[in-house]
Protein chains: 2
Amino acid sequence: MSTGQGQNGHGHGADRAAWAAHAEDALGQAGHRAGGARRAVVELLAAEDCCLTAQEIHDRLRADGRRAGLASVYRALEVLTALRLVHRLDLGGASARYEAADPSGEHHHHVVCRECGRVTPFADDELEEALGAVAERLSHQVDEHDILLRGRCADCRE
Amino acid sequence: MSTGQGQNGHGHGADRAAWAAHAEDALGQAGHRAGGARRAVVELLAAEDCCLTAQEIHDRLRADGRRAGLASVYRALEVLTALRLVHRLDLGGASARYEAADPSGEHHHHVVCRECGRVTPFADDELEEALGAVAERLSHQVDEHDILLRGRCADCRE
DNA sequence: GTTCCTGCAAAATTTTTGCATCAGT
DNA sequence: ACTGATGCAAAAATTTTGCAGGAAC
């Protein structure tokens, strides 16, 4: 088959723990201090399979007992995104979504159900190849891409 | 070559005029009346090559002497998007962008310069093929897709 | 001890909605 | 005439910023 992750975007637990460590490390290298709110965001994103909104992150942290101000969540995401440790996506909803960005470059894309709004990750090597070829022929120095598919999911099609 | 539109997304003038007529028609069929603001939005989008924000549409209409309230622009875009006459995209900026959607399904995608923010359209048939293949193997009934590339444009790379 | 981080509240933006009025059919 | 479309202003929702206090180094 053509994908390294199958149809869902689950990373192995080990990868995610590694990502968290890598992120903490990169933050340190970039001259940032280790505060509680940012660490909480990193740990939450490490534990999460797919993208979350800032509000969702905030809510889950509260639910987990760690509380972090929503502004701090936004600030943490801003720094993490700038360092390319986190990927920010706009799936057309009201809020932006964020997910851990694997330093190896391995990544997935998303299908959004037009009816229920559910977001499902997928990966496909041939698609990546085609994207690479396109990037070649453009005059831009392309270093990132987002693919977003829309349609009705199996459940909503019944 | 692999694209029907080359590297830029210019439609021929005739296509665009046809789109405007088609849109007016579809609006009528959907039971909408022909008001001034909505017609102005349709005509502006028909004349435009690539995506615009609601605010940009509003500003250009003012500049052209046709004035339409910003709320009416949003409402027009909402209706047009629901009828699939206009495509709404989130390129990561603060505002959503809108562009005419060709009923033939012919469409283009976008590269955004990380530095200057300029949006450039492109099209690629092999990419479309790969996307079609992905859509096949997913359990979703995919009916739309957006591709967004990011990187530095030739000008910003100098 | 200095400087960054955090949280709260206020502000800035973008988009939506209420309502009175105008225009299209 | 009836009903949808429009414009303005107000509201809602999301994200950013100012500032005082606390934490990290």
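Heavy atoms only: backbone and side chains are in, while hydrogens, waters and symmetry mates are out. All chains are named by letter (A, B, ...) in the order of the sequence lines, taking the proteins before the strands, and each is independently numbered beginning at 1. Bear in mind that the values here come from a model prediction, so they are computed numbers and not experimental data.
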Nearest whole Å is fine: how far is [N] [atom2] from [X] [atom1]?
{"X": "L77(B)", "N": "dT17(C)", "atom1": "CG", "atom2": "C1'", "value": "16 Å"}
{"X": "L52(B)", "N": "dT15(C)", "atom1": "CG", "atom2": "C1'", "value": "17 Å"}
{"X": "H58(A)", "N": "dA9(C)", "atom1": "NE2", "atom2": "P", "value": "12 Å"}
{"X": "R66(B)", "N": "dA5(D)", "atom1": "CZ", "atom2": "P", "value": "17 Å"}
{"X": "R67(A)", "N": "dT6(C)", "atom1": "CZ", "atom2": "P", "value": "14 Å"}
{"X": "R97(B)", "N": "dT15(C)", "atom1": "CZ", "atom2": "C1'", "value": "16 Å"}

Once hydrogens and angles are ignored, does a donor-acceptor distance under 3.5 Å link the base of dG7(C) to the side chain of R75(A)? yes

Check for a donor-acceptor pair, side chain of [X] on one end and backbone N or O of [Y] on the other, with a separation under 3.5 Å.
{"X": "R67(A)", "Y": "R62(A)", "value": "no"}
{"X": "R38(A)", "Y": "R33(A)", "value": "yes"}
{"X": "R152(A)", "Y": "E115(A)", "value": "no"}

Got a second to check how far E43(A)'s CD is from D64(A)'s CG, nearest 0.5 Å?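 Those atoms lie 10.0 Å apart.
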
Looking at CG of L138(B) and CD of E136(B), how far apart are the two atoms once the value is rounded to the nearest 0.5 Å?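 Separation between the atoms: 9.5 Å.
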
For A76(B), which contact category applies under a 4.0 Å heavy-atom criterion: base, sugar-phosphate, or nothing? nothing

So, does S72(A) get its side chain near the phosphate of dG7(C), meaning an N or O under 4.0 Å from OP1 or OP2?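 S72(A) to dG7(C) OP1/OP2: side-chain N or O found under 4.0 Å.
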
Minimum heavy-atom distance between G92(A) and D90(B), given as atom pair plus value: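 Shortest heavy-atom separation between G92(A) and D90(B) comes out as CA-OD2, 3.2 Å.
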
Would you say E128(A) and H107(A) are linked by a side-chain donor-acceptor pair, where the criterion is simply a distance under 3.5 Å?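 Yes, because at least one side-chain N or O of H107(A) sits under 3.5 Å from a partner of the opposite role on E128(A).
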
Heteroatom pairs (N/O) under 3.5 angstrom, protein to nucleotides 22-25 of chain D:
unit_1  : atom_1 : unit_2 : atom_2 : d
dA24(D) : N3     : R33(A) : NH1    : 3.0

Which residue lies more 5' along DNA chain C, comparing E78(B) with A71(A) via nearest heavy atoms: A71(A)

Which of these passes side-chain contact (heavy atoms from CB on, under 4.5 Å) with I147(B): L127(B), D124(B), V111(B)? L127(B)

Nucleotide N/O of nucleotides 10-15 of chain D paired with protein N/O under 3.5 Å:
unit_1  : atom_1 : unit_2 : atom_2 : d
dT15(D) : OP1    : A96(A) : N      : 2.9
dT15(D) : OP2    : Y74(A) : OH     : 2.3
dT15(D) : O5'    : Y74(A) : OH     : 3.2

Do L91(B) and Y98(A) belong together in a cluster built from hydrophobic side chains that touch within less than 4.5 Å?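 No, L91(B) and Y98(A) fall in different hydrophobic clusters.
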
